Participant: 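Mind looking over this structure? Questions follow.
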Amino acid sequence: MCLKNIFIAGSLLCLAVVTTALLPLENDADVTVSDEEWISLFNGEDLEGWTPKFTGYDPGINYNNTFRVEDGLLTVSYDEWDEFNGEFGHLFYKDSFSNYKIRAEYRFIGEQVKGGEGWALRNNGLMLHGQHPETMARDQEFPVSVEVQLLGGNGEDPRSTANLCTPGTNVVLDGELFTPHCTTSDSKTYHGDQWVTVEVEVRGSEIFKHYVNGEQVMEYTDPQYDERDETAQPLIEGTNLLIDRGTISIQAESHPTQFRIIEVLPLDE
């Protein structure tokens with residue numbers, strides 16, 4: 001075969017290969033795509049779908065306009081407060097969840113309001129598997145829940161985030177029932193006003209896993225009501241203490257905070 005014919009044949013072969021590669025597959029099942037569909041709980045415009053509850057007030061009262069949207073950010077603001085006197089606030093999403101991942105991007109801004117507790121400096125939280133605000137007592141400070149504590153550094157000392165706190169609950173940690181109120185994670189310290197991403201994988205009443213900026217920092221199992229706790233006792237049905245679902249809320253504990261993302265990825269039951 002002459003060189004001209006070899007060139008033409010080779011060109012036709014390459015064209016056939018390229019054309020075949022560009023043809024759609026007959027079976028769409030052969031195409032690998034991501035099926036993760038995160039649901040945004042915050043629409044970036046207003047507090048639609050969210051209910052505030054402050055200590056000493058009925059659900060639905062947004063005390064001192066604390067929870068608001070500013071520049072597209074879900075904001076916990078204290079610029080209309082003179083002093084904090086124990087009016088702990090929580091903002092509840094309307095739906096409850098069982099098996100899911102939750103992802104939030106948060107940062108602390110400004111100064112703590114006068115009267116805030118020392119431990120509440122740069123302090124917020126994702127309250128998971130929580131009770132509904134309508135079931136809280138008027139003067140109740142915190143919803144019965146599993147709290148993924150969100151903390152910021154003070155600029156000097158080590159201070160982890162995505163810690164565990166247990167208002168009205170207990171968990172099994174390292175194979176043993178954990179009854180103290182809080183314990184720290186293995187996360188780094190995040191000083192200043194930087195954005196931090198916290199993600200939690202929740203599997204009903206089985207297991208919780210905490211992640212900070214993509215790194216796992218904590219794991220525990222068997223979230224359950226603390227039968228010794230007066231706020232938890234009305235929620236216990238029979239002898240089963242395990243909690244397999246509940247509400248999601250964020251906090252207002254005296255330090256201004258902003259969230260730019262709060263989203264949930266439902267998982268298979």
Side-chain angles (χ1 to χ4, degrees), residues 34-45 47 49-50 67-77 89-93 95 97-110 112 119-130 145-166 171 182-203 207-220 223 246-253 255-267:
S34 173
D35 59 358
E36 289 193 346
E37 296 184 3
W38 289 82
I39 301 170
S40 180
L41 305 188
F42 167 55
N43 63 20
E45 298 178 357
L47 300 181
W50 295 84
F67 294 111
R68 64 181 78 163
V69 179
E70 294 183 345
D71 300 323
L73 303 175
L74 179 52
T75 302
V76 181
S77 176
H90 294 83
L91 186 66
F92 292 79
Y93 189 66
D95 297 327
F97 299 88
S98 180
N99 290 272
Y100 64 99
K101 291 181 180 179
I102 180 170
R103 182 163 58 204
E105 293 183 11
Y106 74 94
R107 69 176 179 182
F108 295 101
I109 57 173
Q112 184 181 24
W119 53 262
L121 175 75
R122 291 181 172 266
N123 189 330
N124 205 291
L126 298 174
M127 319 299 281
L128 309 181
H129 273 17
S145 57
V146 176
E147 178 184 352
V148 180
Q149 187 185 48
L150 308 178
L151 297 180
N154 60 13
E156 299 179 0
D157 304 310
R159 198 180 192 218
S160 60
T161 189
N163 302 319
L164 166 68
C165 292
T166 54
V171 301
C182 292
T183 188
T184 57
S185 76
D186 294 327
S187 87
K188 302 173 184 176
T189 300
Y190 297 90
H191 297 293
D193 296 350
Q194 63 180 302
W195 288 102
V196 180
T197 300
V198 167
E199 186 173 311
V200 187
E201 179 179 346
V202 181
R203 295 284 184 174
I207 192 168
F208 278 52
K209 296 179 181 179
H210 298 191
Y211 299 83
V212 179
N213 290 346
E215 297 183 0
Q216 184 173 339
V217 298
M218 178 171 282
E219 179 178 319
Y220 48 89
T247 59
I248 292 170
S249 60
I250 62 171
Q251 294 187 309
E253 293 191 313
H255 203 112
T257 316
Q258 290 183 321
F259 294 84
R260 63 181 177 188
I261 290 177
I262 302 179
E263 55 188 3
V264 162
L265 175 67
L267 301 174

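The shown structure was predicted, so the numbers you read here are calculated from the model rather than taken from an experiment. Reckoned from all heavy atoms, side chains included, excluding hydrogens, waters and symmetry mates.
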Participant: Could you tell me whether the side chain of Phe42 reaches within less than 4.5 Å of the side chain of Leu73, counting heavy atoms only?
Facilitator: no
Participant: Set out, in order, the CA-CA distance, both residues' side-chain angles and the distance that settles side chain to side chain contact (heavy atoms under 4.5 Å, CB included) for Ile207 and Lys209, then state yes or no.
Facilitator: CA-CA 7 Å; Ile207 192 168; Lys209 296 179 181 179; 3.8 Å; yes
Participant: Quick check: closest heavy atoms across Phe108 and Gly152, and the distance to 0.1 Å?
Facilitator: CE1-N, 3.3 Å
Participant: Without swapping roles, check the side chain of Asp157 against the backbone of Asn154 for a donor-acceptor pair under 3.5 Å.
Facilitator: no
Participant: Hey, does Ser249 have a side-chain heavy atom less than 4.5 Å from the side chain of Leu91?
Facilitator: no
Participant: In Å and rounded to the nearest 0.5 Å, what is the CD to CD distance from Glu105 to Gln258?
Facilitator: 12.5 Å
Participant: Is the number of heavy atoms from other residues, nucleotides or ligands within 6.0 Å of CG (Asp71) greater than 12?
Facilitator: no
Participant: Let me confirm one number: the CD1-OG1 distance from Ile261 to Thr197, rounded to the nearest 0.5 Å.
Facilitator: 7.0 Å
Participant: Find out whether Arg260 and Trp195 are in side-chain contact, i.e. whether some heavy atom of one side chain is under 4.5 Å from a heavy atom of the other.
Facilitator: yes
Participant: If you measure only the distance, is there a donor-acceptor pair under 3.5 Å linking the side chains of Tyr106 and Thr161?
Facilitator: yes
Participant: Work out which heavy atom in Tyr93 is nearest to a heavy atom in Trp50; give both atom names and the distance.
Facilitator: N-CE3, 3.4 Å
Participant: Here's a test for you: under side-chain hydrogen bond (donor to acceptor under 3.5 Å, both in side chains), which of Asn123, Asn124, Thr75 qualifies with Thr257?
Facilitator: Asn124
Participant: State, to 0.1 Å, how close Val148 and Ala162 come at their nearest heavy-atom pair, and which atoms those are.
Facilitator: CG1-CA, 3.9 Å
Participant: Taking C-beta and beyond as the side chain, do Phe208 and Glu201 meet within less than 4.5 Å on heavy atoms?
Facilitator: no
Participant: Step by step, would you call Phe97 with Val264 a side chain to side chain contact (heavy atoms under 4.5 Å, CB included)?
Facilitator: CA-CA 9 Å; Phe97 299 88; Val264 162; 3.9 Å; yes
Participant: Return yes if a side-chain donor-acceptor contact under 3.5 Å exists between His255 and Gln112, otherwise no.
Facilitator: no
Participant: Of all the heavy-atom pairs spanning Val76 and Gln251, show the shortest one and how long it is.
Facilitator: CG2-O, 3.5 Å
Participant: Does some side-chain heavy atom of Leu267 sit less than 4.5 Å from a side-chain heavy atom of Arg203?
Facilitator: yes
Participant: Given His210, which partner from the list Gln216, Met218, Gln149, Glu215 fulfils the side chain to side chain contact (heavy atoms under 4.5 Å, CB included) test?
Facilitator: Met218
Participant: Evaluate the side-chain proximity of Pro266 to Ile39: yes if any heavy-atom separation is below 4.5 Å, no if none is.
Facilitator: yes
Participant: Give a yes or no on whether the backbone of Gly130 and the side-chain of Thr247 come within a donor-acceptor separation of less than 3.5 Å.
Facilitator: yes
Participant: Taking Ser145 for its side chain and Glu147 for its backbone only, find out whether a donor-acceptor pair lies under 3.5 Å.
Facilitator: no
Participant: Donor-acceptor check, side chain of Asn163 to backbone of Ser185, threshold 3.5 angstrom: yes or no?
Facilitator: yes
Participant: Can you name the nearest heavy-atom pair linking Glu45 to Asn43, along with the distance?
Facilitator: N-OD1, 2.7 Å
Participant: Are side-chain heavy atoms of Val200 and Tyr211 found at a separation under 4.5 Å?
Facilitator: no
Participant: Just do the side chain to side chain contact (heavy atoms under 4.5 Å, CB included) check on Arg68 and Ser77 with the steps written out, would you?
Facilitator: CA-CA 7 Å; Arg68 64 181 78 163; Ser77 176; 3.5 Å; yes
Participant: Would you check, one step at a time, whether the test side chain to side chain contact (heavy atoms under 4.5 Å, CB included) holds for Tyr190 with Arg159?
Facilitator: CA-CA 8 Å; Tyr190 297 90; Arg159 198 180 192 218; over 6 Å; no
Participant: Mind checking whether Val202 and His129 have side chains closer than 4.5 Å, heavy atoms only?
Facilitator: yes
Participant: When rounded to the nearest 0.5 angstrom, what is the spacing between CG in Leu126 and CG in Leu150?
Facilitator: 4.5 Å
Participant: Working to the nearest 0.5 Å, report the span between CG of Asp95 and CZ of Phe92.
Facilitator: 14.0 Å
Participant: Which heavy atom in Val69 sits nearest to a heavy atom in Gly44, and how many Å separate them?
Facilitator: CG1-O, 3.7 Å
